[in-house]
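Throughout, numbering of the chain's residues begins at 1 and tracks the sequence. Whatever order the structure lists them in is the order used to number ligands and atoms, beginning at 1.
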Amino acid sequence: MSQKNFEVLIVGAGISGVALAYELARYTDINSIGVIEKYGDIATLNSSGTSNSQTIHVGDIETNYTLEKAAITKRTAKMVEKYCLQYHYQDEIIFSHQKMALGVGNKEVEFLLHRFEEFSKLFPYLEVWDKEKLKEYEPRVVLDENGNERAENIVGVGARGEWTTVDFGKMAKSLIENAKEQEGKTVETFFNAQVKKIEKDENDKYHVYANGEEYTADFVVVNAGAHSLYIAHRMGYGLNLGCLPIAGSFYMTNEKMLNGKVYMIQNPKLPFAALHGDPDVLAQGNTRFGPTALMLPKLERYKSGTYMDFWKTLRFDKNIAIALWKLLKESDIRKYIFRNFLFEVPFLNKYLFLKDARKIVPSLQLDEFRYAEGFGGVRPQVLNKDEQKLMLGEASINPGTGILFNMTPSPGATSCLGNAERDLKIVVEYLGKNFNEELFKDELTEGEYCVLPEPLESQKARVNLIRAEIARTQEKFEEDYSQKQ
Ligand SMILES: Cc1cc2nc3c(=O)[nH]c(=O)nc-3n(C[C@H](O)[C@H](O)[C@H](O)COP(=O)(O)OP(=O)(O)OC[C@H]3O[C@@H](n4cnc5c(N)ncnc54)[C@H](O)[C@@H]3O)c2cc1C
């Protein structure tokens, strides 16, 4: 058995693993980094361009983000943008589409207008689009199959000219290539190497075993998606956590239907993103609707096995049962889970999906889209046994012993460089190495929280104009209606 030694060893070559390899190679004085990957290439699971929605989640049109959360995601999302622009990946890895959150019906319209007032301070480029503007920018969200305007009030809060879309699979490949380019650094990748065991010896060295090979390292970061928790459990860490894999599927239109990203308003009771329509950069810009959310008893989509790994990683017990019960006793969540299960049932699925997708495109017809076979992935959502509840967002286990384990559900691809920054700081501190933070900030950030003192009053004035217009339309409708009676 040959032995390979590194200062830092990363398990998993999805976008989280390779983003860390890149940052360590470029911004620290760590000289040797190894990346061990179970499959034959970079980013074949959730980070592949076909597995996720390709969205840079900034927080501007994601209506489930609070202002505080959006301020943080804005910073990390900017890192993806700045990285891609630094290497001139425009229209190759990063793309610009218009984007919006769409409010349908008076309640959602008012919610969006209010959100606009609050969020445009952080995102001064946001605009409010009424029906007339929407007809121009995104006609299919306004017109029905007869070319008439849809009856409900609608409003879009969005932006044009921003970087919105990334082929995260390609970005992952570029990250490892650029890591390998750093002068004086050794960055090695090992494929078809499934890590089965990690041990620490009495000299604080980690021994990592994969497919008959032994690797040693001073620090190990496990970025293996849902399998991070599986490996952590085997080492006795994170035993208060369980993993609930939530698969996401998509539906693809036969041709380009939307000019940009259209997101729906999130039901705050539901832990997963609301349905959206996105131009797919890997499918000639055809619209991809989704993702759905289905609990699946396996850790990897479209790969054989991992059923047993699921049970081992769930660590089912009374606390997990209570956490699941708390989720299921909420009627909105119960209905949502059942409906999402039906979205996977052949034939029936398209009819049901049509109903939901028509909220975005009222004229959508059954023969205009299909179930996107082979698209989608699994979000490793984490259940906290101590709190008996589902944790939203990412989870990281840091026992403080020179090893980290990361689980990264959505929007983990957007936050890959931000998460890597967090881990980099832990690694350099533990190893007594140096971080060139100045270069990092200069290349990848635009300052801390980017809250800009945008004149709020002018936005309020615009919103109030739209409110007045809606009220006028409503009054006119009621007047006409009473005259007809
Ligand atoms: C349906 C869906 C839609 C999404 N949409 C978006 C979006 O629009 N925007 C966004 O930012 N995020 C999105 N996400 C989330 C995003 O795709 C993930 O957060 C991100 O890809 C996670 O990257 P990762 O590197 O942590 O994990 P992965 O990409 O899953 O990579 C983990 C790697 O570890 C390897 N591995 C596992 N076990 C071992 C082992 N024992 N030994 C060696 N290697 C191992 C795997 O083979 C894999 O290559 C979406 C996810 C899904 C499922």
Side-chain angles (χ1 to χ4, degrees), residues 9-21 34-59 62 73 76-77 80 164-169 171-172 175 189-198 208-211 213 215 220-232 234 245-250 261 263 272-273 276 278 280 288 290-294 296 299-303 306 309 313 372 375-381 393-396 405-420 423:
L9 205 45
I10 297 164
V11 180
I15 199 152
S16 306
V18 294
L20 179 61
V35 182
I36 309 182
E37 167 55 44
K38 175 177 170 184
Y39 293 110
D41 204 351
I42 305 285
T44 63
L45 289 185
N46 299 303
S47 305
S48 143
T50 52
S51 299
N52 51 63
S53 301
Q54 308 170 343
T55 302
I56 309 180
H57 287 295
V58 187
E62 291 79 0
T73 49
T76 57
V80 169
T164 52
T165 312
V166 169
D167 178 345
F168 289 113
M171 180 179 162
L175 281 161
T189 35
F190 303 92
F191 293 109
N192 301 309
Q194 181 176 4
V195 170
K196 288 271 168 70
K197 195 163 82 171
I198 304 177
V208 177
Y209 302 91
N211 293 28
E213 297 286 338
Y215 306 80
V220 176
V221 182
V222 185
N223 273 324
H227 276 104
S228 295
L229 192 56
Y230 176 83
I231 296 171
R234 294 195 63 169
I246 303 292
S249 302
F250 294 94
K261 290 182 174 286
Y263 276 59
F272 309 111
H276 43 92
D278 306 82
D280 189 326
R288 183 132 66 85
T292 61
L294 176 74
L296 209 64
L299 299 189
E300 295 176 1
R301 198 87 196 271
Y302 304 121
K303 304 274 183 191
T306 72
D309 297 359
T313 315
F375 284 73
V378 171
R379 290 156 286 197
Q381 303 291 156
E394 294 140 2
S396 186
F405 305 88
N406 295 318
M407 280 73 66
T408 43
S410 197
T414 303
S415 48
C416 65
L417 291 164
N419 290 341
D423 293 351

Backbone, side chain, both or neither: what part of [X] comes under 4.0 angstrom of ligand 1, heavy atoms only?
X: Pro291; value: side chain
X: Lys38; value: both
X: His57; value: side chain

Before signing off on this row, confirm whether [X] and ligand 1 have an N or O atom pair separated by under 3.5 Å.
X: Val378; answer: no
X: Ser47; answer: yes
X: Ser51; answer: no
X: Asn46; answer: yes
X: Gly412; answer: yes
X: Thr408; answer: yes
X: Glu37; answer: yes
X: Thr44; answer: no
X: Ile15; answer: yes

Output field: ring centroids Tyr215/Phe190 closer than 6.0 Å: yes

Is it true that the NZ or CZ of Lys38 lies under 6.0 Å from the centre of Phe191's six-membered ring and within 45 degrees of the ring axis? no

Can you find a side-chain donor-acceptor pair between [X] and [Y] that sits under 3.5 Å?
X: Ser53; Y: Thr55; answer: no
X: Asn406; Y: Ser396; answer: yes
X: Glu394; Y: Ser415; answer: yes
X: Arg301; Y: Ser249; answer: yes

Looking at ligand 1, would Cys416 count as a contact under a 4.0 Å heavy-atom criterion? no

Looking at ligand 1, is there an atom of it that comes within less than 4.0 Å of some heavy atom belonging to Gly376? no

Ala193 neighbourhood, listing ligand 1 atoms whose heavy-atom distance to it stays under 4.0 Å: 42 (N), 43 (C)

